[in-house]
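Since the structure comes first, as structure tokens, the remarks are kept for the end.
Owing to the predicted nature of the structure, the values given are computational and were not obtained by experimental measurement. In each ligand, atom 1 is the first atom listed, and ligand 1 is the first ligand listed. Side-chain atoms are counted along with the backbone in the values below, which use heavy atoms only and exclude waters and symmetry mates.
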Amino acid sequence: MNHQLSTPWPVVLSIAGFDPSSGAGIAADLKTFAAHGCYGVAAVTALTIQNTQCVSALHPTEPAVLKDTIAALLADGRVKAIKVGMLASRANAEVVNEILESNPALPSVLDTVFRSSSGKDLADPDCQEYVREKLIKRAYVITPNLFEASAMTGLRVENQEAMKMAARKLVEMGARAVVVTGGHLDKAIDVICDDTGLEAFIGDRVKPENTHGTGCTFSSAIAANLALGRQLRDAVVLAKAYVTEAIRKAYSVGPGRVPLNHFYRMIQPSRPADHSADLTEPAG
Ligand code: PLP
């Protein structure tokens with residue numbers, strides 16, 4: 001049986017946590033892949049309990065289950081790039097290390113997720129240490145934010161100069177390529193560094209404030225662009241432009257933080273008429 005289409009979408013694998021409010025983690029990754037014309041598959045590292053207001057708990061997946069899920073997905077033979085997000089536990093980080101080691105030809109984007117913007121730790125200290133010591137050397141590119149760059153380098157990363165220093169230090173520590181994301185600064189600055197040099201991209205800071213899932217979306221957009229065959233620098237520039245527009249077009253879905261509008265490129269459907277008032281009419 002062969003159902004192959006003439007131009008199949010590249011398959012991209014997300015290894016990340018599940019956010020039931022769909023703003024971050026696997027749900028954000030799959031939406032980002034689809035918005036780029038990629039088919040997303042996913043292995044869950046942890047279930048989180050969260051809504052737009054906070055992350056209240058997380059439940060890491062059994063490492064053996066994570067390992068078997070990834071092995072099953074890779075056995076289909078179509079994955080063109082891997083995005084790694086929240087890992088939660090050291091044991092899960094070790095599983096991912098093994099997978100990246102045995103698939104060196106697959107471009108991998110490691111979003112070094114340590115803590116949510118609402119302040120919940122999403123990786124235990126052992127996991128953070130393993131990511132810093134081991135996993136950053138395995139990935140094709142890593143995408144720490146200011147907090148994660150500080151935690152991994154020991155530097156105070158609060159402005160563009162410090163971002164550059166941290167990016168260089170992470171390359172010295174063994175990362176092949178680094179994008180330090182500075183979306184929380186006055187200007188949305190990203191610094192990209194590899195062994196060939198360093199470059200800063202400066203974008204406008206766009207409303208709304210208080211967004212949720214920006215880091216997940218940025219790293220997934222890079223992975224999708226790599227799966228589509230683009231070079232790293234182009235993948236980063238395109239991912240930044242995508243995230244900027246997805247923030248600009250974001251809309252609120254609850255009383256707390258605002259998820260990105262991953263499908264802003266699609267024509268917005270016209271809303272059906274609001275019949276809620278009819279429901280309160282007395283029957284008969
Ligand atoms: N939940 C999951 C599953 C995540 O992967 C992340 C970030 O990577 C978050 C929550 C936190 O997202 P943010 O810090 O953008 O609110």
Side-chain angles (χ1 to χ4, degrees), residues 12-33 40 42-61 66 69 82-89 92-93 96 108-124 127-128 131 135-136 139 141-152 157 179-185 188 190 205-223 239-240 242-244 246-247 250-262:
V12 187
L13 166 62
S14 165
I15 304 173
F18 184 67
D19 163 9
S21 71
S22 293
I26 278 175
D29 297 347
L30 296 181
K31 285 187 277 184
T32 304
F33 299 156
V44 183
T45 57
L47 294 178
T48 69
I49 299 179
Q50 63 180 301
N51 57 19
T52 63
Q53 300 172 69
C54 70
V55 185
S56 54
L58 58 96
H59 301 274
T61 306
L66 179 65
T69 308
I82 301 178
K83 174 253 159 84
V84 180
M86 169 187 174
L87 291 164
S89 70
N92 282 347
V96 169
S108 52
V109 183
L110 170 63
D111 187 19
T112 49
V113 176
F114 287 175
R115 182 179 289 176
S116 75
S117 47
S118 58
K120 177 86 176 167
D121 281 334
L122 300 177
D124 64 32
C127 178
Q128 294 188 22
V131 168
L135 208 53
I136 62 167
V141 58
I142 65 170
T143 60
N145 62 21
L146 301 180
F147 171 79
E148 293 148 3
S150 298
M152 286 193 286
V157 188
V179 184
V180 181
T181 61
H184 298 95
L185 298 172
D190 295 325
R205 207 171 189 301
V206 285
K207 301 267 177 192
E209 307 291 330
N210 204 15
T211 47
H212 171 50
T214 307
C216 306
T217 302
F218 180 64
S219 51
S220 296
I222 296 174
K240 186 173 172 66
Y242 172 73
V243 167
T244 303
I247 293 174
Y251 54 90
S252 164
V253 298
R257 290 160 310 138
V258 180
L260 277 57
N261 182 351
H262 294 93

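The protein heavy atom nearest to atom 11 (C) of ligand 1 is S116 CB, 3.6 Å.
Below 3.5 Å of separation, one finds no N or O of D19 facing any N or O of ligand 1. Checked by distance only, ligand 1 and R257 come closer than 3.5 Å through their nitrogen or oxygen atoms. For the pair D111 and ligand 1, the shortest N or O to N or O distance does not fall below 3.5 Å.
Smallest separation of non-hydrogen atoms from I222 and V141: CG2-CG1, 4.5 Å. Considering every non-hydrogen atom in both G213 and T217, the closest pair reads O-OG1, 2.8 Å. The two residues A223 and V12 have their closest heavy-atom pair at CB-CG1, 4.1 Å. Scanning all heavy atoms of the two residues, the minimum distance from P144 to M152 falls at CB-CE, 3.8 Å.
With K83 as the fixed residue, the side chain to side chain donor-acceptor pair (under 3.5 Å) test singles out one of D29, T143, T32: D29.
Heavy-atom proximity to atom 6 (C) of ligand 1, evaluated over N210, L87, L122, is greatest for L122. Checking S117, G213, P259 against atom 15 (O) of ligand 1, the nearest heavy atom belongs to G213. Within the set S14, G17, C54, the minimum heavy-atom distance to atom 3 (C) of ligand 1 is found for G17. Selection from M86, K120, Q50 by nearest heavy atom to atom 1 (N) of ligand 1 gives Q50.
Which parts of ligand 1 touch G25 is read off a 4.0 Å heavy-atom cut-off, strictly below it: atoms 3 (C), 4 (C), 5 (O).
A heavy-atom distance below 4.5 Å is found between the side chains of L58 and L122.
Residue C216 touches ligand 1 through its side chain alone, judged by heavy-atom distances below 4.0 Å.
Separating the CD1 atom in I142 from the OG atom in S219 is a distance of 12.0 Å, to the nearest 0.5 Å.
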